Number of protein chains: 2
Amino acid sequence: MAQRGQSDAAGRPPRAPAENAAEITTPMPAIGGNGMPAPGLRDRARAIPEAAVARLAVYLRVLSGMREQAVASVSSEELSAAAGVNSAKLRKDLSYIGSYGTRGVGYEVEVLIDQIERVLGLTREQSVAVVGIGNLGHALANYGGFPGRGFPVTALFDVDPDLMGVPVGGIPVDHIDDIPAVCAAREVTIGVIATPPAAAQAVCDRLVQAGVECILNFAPVVLQVPETVEVRKVDLAVELQILSFHVARRADHAPADDATPAPRVDGVAAPRGVVVRR
Amino acid sequence: MAQRGQSDAAGRPPRAPAENAAEITTPMPAIGGNGMPAPGLRDRARAIPEAAVARLAVYLRVLSGMREQAVASVSSEELSAAAGVNSAKLRKDLSYIGSYGTRGVGYEVEVLIDQIERVLGLTREQSVAVVGIGNLGHALANYGGFPGRGFPVTALFDVDPDLMGVPVGGIPVDHIDDIPAVCAAREVTIGVIATPPAAAQAVCDRLVQAGVECILNFAPVVLQVPETVEVRKVDLAVELQILSFHVARRADHAPADDATPAPRVDGVAAPRGVVVRR
DNA sequence: AAGTGTGAACAGCTTCACAGCG
DNA sequence: CGCTGTGAAGCTGTTCACACTT
C-alpha cells in the first residue's frame with residue numbers, strides 16, 4: 001500500500017524557509033544583558049545547545065534501559081559509552097541542565113531521567129498529529145507508546161476518501177481540511193508530515209493555521225513557515241546520499257583491498273578519543 | 001501490520017559506538033602532511049564538511065526540480081532561497097566541489113547537477129538492502145525510484161516466515177540469516193535497518209559481516225560497529241523530543257498570547273542574519 | 001553591473017585537563 | 001581516591017565583505 005496522493009492547493013504566502021539542526025542554539029535574542037556564562041537563575045531552559053538537546057534525548061533512552069535493568073547509578077564513563085559519545089561531552093551536556101551528579105560516585109539513574117524529562121518538556125504530554133496515512137504514516141501511527149510515555153498520537157489526516165473514519169492504530173482518520181478544527185480541539189502541539197512532496201506545503205500551511213508550532217517533516221521538500229514555527233526534517237534521500245558520498249570517498253581512497261569483510265576491531269587506532277567501555 | 005519481532009543473537013564483540021553527524025569532517029587521517037588549506041589537487045573528495053555534504057544533497061533536489069521546469073541557470077541567491085539556506089553558505093558549499101559558476105551570471109543547472117552527483121557518488125548506483133519489513137520497511141521498499149535514479153533497493157530481509165519469498169515492491173523477502181550471501185551476490189553497499197530495537201545490533205552485525213560499510217539505522221539503538229563502517233541514525237523519538245524541548249522553551253518564554261495563529265511574517269525581526277529572499 | 005569565489009572574522013561545539021568535592 | 005563539573009583551548013562550521021571576473 002503506497003502513499004496516497006493529495007492535491008496541492010492555494011498559493012503560498014511569504015514565509016521564511018525552514019532549516020534543520022545544528023545552527024540555532026536555542027535562540028533567545030538578548031533578554032537581559034549577555035556574557036553571563038553561569039546558568040541564568042530564573043528561566044530554566046536557557047542556552048542549551050541544540051546539539052546537546054539531541055544527545056540528551058539519547059541519554060534518556062539509555063537511562064530508561066538501565067532503569068529497567070534495575071541499575072541505580074552510573075558514572076559518566078559508563079553512560080557515555082552506552083550512548084556512543086565521549087565522557088567529557090556527556091558531562092558537559094548534563095551540566096547544562098544542572099548539577100545532579102555526586103562527585104566520586106556518579107549519577108543516580110532515576111534523578112537523571114527526571115531531570116532530562118523535565119528539560120525536554122516530557123512531563124507535559126505532547127499531542128501529535130500525523131498527516132499522510134501511507135506506509136510511513138501507518139508506521140508512525142502505530143509507534144504509539146514511545147520509549148516512555150510522552151507523545152500520544154491523537155489525530156490522523158489524509159485525503160483518501162476510503163480512509164476517512166477508518167481507525168489506524170486506534171485513531172480514526174480525518175480529512176485534511178479538518179486539520180485546523182481537529183488539531184485545535186485535541187490540542188495538538190506537534191505535527192508530522194508524511195505526505196507526498198507535492199502536498200507537503202499545503203498541509204504545513206494548514207497545520208500552522210491550526211496553531212501548530214512544531215513540525216516534523218518527512219516529505220522531501222523545504223517547507224516555508226513563519227519564524228515562530230520550528231521545523232525538523234527527516235530526509236531519507238539525503239541520508240542515503242550522505243552515505244553514498246562516504247562510499248565514494250572510500251572507493252577513492254582505498255581502491256585496493258576488497259576481501260576480508262568484517263575486520264575485527266579492538267586494537268584498532270581510535271579515531272579521536274573515543275573510549276569504548278563495556 | 002506492525003513490525004515483526006526478531007530474536008537477538010550472539011554476544012557482541014567489542015566495537016566502537018557509532019555516532020551520527022556534524023563531527024567527522026570527512027575524516028582522512030594524515031595522508032600527506034597537513035595544514036594545506038587549498039584544495040588538494042589529486043584526490044577529489046577531500047575535506048568537504050559533513051554538514052556541507054548534507055546540504056549538497058538538498059541543493060541537488062532543488063536543482064532537479066528546476067531542471068524539470070526547464071530552468072537553465074540560477075544565481076546563488078535564488079538557489080539558496082529555494083534550499084532554505086543563506087547565499088554565502090551556498091556559495092561556500094559549492095566552492096568545496098569546484099568552481100562551476102560564472103561570475104556576474106550564476107550557475108548552469110545542468111552542470112551543477114552533474115558535479116554534485118559526481119561528488120556524492122551518485123554516478124555509480126548504490127545497491128540498498130532493507131532489513132525489517134514492517135510498516136517502515138514497506139515504505140522504504142516502495143520508495144523505489146528516488147529523486148533521480150541512484151538507490152535501487154535490491155534486497156529485503158525479515159524473520160517472519162510468512163514473508164519469505166513474498167515480493168514487496170517487486171523484491172522477494174529473504175531471511176535474515178541469508179544477509180551475508182545475498183548482500184554479497186547483489187553487491188549491496190548500503191544497509192537500512194528498520195527492525196525493532198532488540199534485533200538491530202544482530203542485524204547490524206550480519207550486515208557488517210556481509211561487507212556492508214554504510215548503514216542507515218532507524219532502530220532506536222546505538223549500534224556498535226567497527227570503525228570502517230559508517231552509520232547514520234534516524235531516530236523518530238529523538239526528533240520528537242527535540243521538538244518537545246522547543247515547545248517547552250516556548251511555553252516558558254511566552255506564557256501569554258495564544259490566539260492569532262499563523263502570524264504574517266515579512267517584517268518580523270530575523271533571529272540571526274537569515275536573509276529571506278524570494 | 002552583477003554575482004561568484006574566498007580570505008578573514010566570528011560563533012558554536014568539542015575536547016582537554018584539572019580544581020573541587022564527596 | 002574517584003569522579004563530577006567547568007574554565008580554557010582548540011577546532012569546525014558559518015557569516016561577512018570584498019576582490020575579481022565576465
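Letters A, B, ... mirror the listed sequences (proteins, then strands); counts begin at 1. Values reported hereafter were calculated over all heavy atoms of this structure, with side chains retained and with hydrogens, waters and symmetry mates removed. These numbers come from a predicted model, not from an experiment.
Residues passing the salt bridge (charged side-chain N to carboxylate O under 4.0 Å, His left out) test with B:Glu78: none are found, sequence neighbours excluded. With sequence neighbours excluded, no residue forms a salt bridge (charged side-chain N to carboxylate O under 4.0 Å, His left out) with B:Glu108. In terms of the side-chain hydrogen bond (donor to acceptor under 3.5 Å, both in side chains) criterion, A:Glu213 has no residue partners (sequence neighbours excluded). Partners of B:Asn217 according to the side-chain hydrogen bond (donor to acceptor under 3.5 Å, both in side chains) rule, which considers only residues two or more places apart in sequence or in another chain, do not exist here.
Atoms CD (A:Glu50) and P (D:dG13) sit 17 Å apart, rounded to a whole Å. The interatomic distance linking B:Tyr96 (OH) with C:dG7 (P) rounds to 11 Å, in whole Å. Computed from coordinates, the A:Leu112 CG to D:dC3 P distance equals 16 Å when rounded to whole Å. In this structure, A:Gln115 places its CD atom 16 Å from C1' of D:dT4, rounding to the nearest Å. Between the P atom of D:dT4 and the CD1 atom of A:Ile97 lies a distance of 14 Å, rounded to the nearest Å. Rounded to a whole Å, the CG atom of B:Asn86 is 10 Å from the C1' atom of D:dC16. Rounding to whole angstrom units, CD of residue A:Glu108 and C1' of C:dG22 are separated by 14 Å.
What you find for B:Glu77 and B:Ser87 is that their closest heavy atoms are OE1-OG, 3.6 Å.
Just one residue in the list B:Leu112, B:Ile113, B:Val111 forms a side chain to side chain contact (heavy atoms under 4.5 Å, CB included) with B:Val109, and that residue is B:Ile113.
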Could you walk me through whether A:Met66 and A:Val62 pass the side-chain contact (heavy atoms from CB on, under 4.5 Å) test, one step at a time?
CA-CA 6 Å; A:Met66 289 176 168; A:Val62 173; 4.0 Å; yes
Worked verdict on B:Ser80 versus B:Val85 for side-chain contact (heavy atoms from CB on, under 4.5 Å)
CA-CA 5 Å; B:Ser80 66; B:Val85 302; 3.9 Å; yes
Pair B:Tyr100-B:Ile116, side-chain contact (heavy atoms from CB on, under 4.5 Å): steps then yes or no
CA-CA 11 Å; B:Tyr100 302 106; B:Ile116 295 179; over 6 Å; no
With 3.5 Å as the limit, what N/O pairs link the protein to nucleotides 2-6 of chain C?
residue : atom : partner  : partner atom : Å
C:dG3   : O4'  : B:Gly104 : N            : 3.1
C:dT4   : OP1  : B:Ser76  : N            : 2.6
C:dT4   : OP2  : B:Ser76  : OG           : 2.5
C:dT4   : O2   : B:Arg103 : NH1          : 3.2
C:dG5   : OP1  : B:Tyr100 : N            : 3.4
C:dG5   : OP1  : B:Gly101 : N            : 2.9
C:dG5   : OP2  : B:Tyr107 : OH           : 2.7
C:dG5   : O4'  : B:Arg103 : NH2          : 2.9
C:dG5   : N7   : B:Arg91  : NE           : 2.9
C:dG5   : O6   : B:Arg91  : NH2          : 3.0

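At the phosphate of D:dG13, neither OP1 nor OP2 sits under 4.0 Å from any side-chain N or O atom of B:Arg55.
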For Watson-Crick and G-U wobble pairs within 3.5 Å on both distances, what is DNA chain C written in dot-bracket notation, | included for inter-strand pairing?
||||||||||||||||||||||
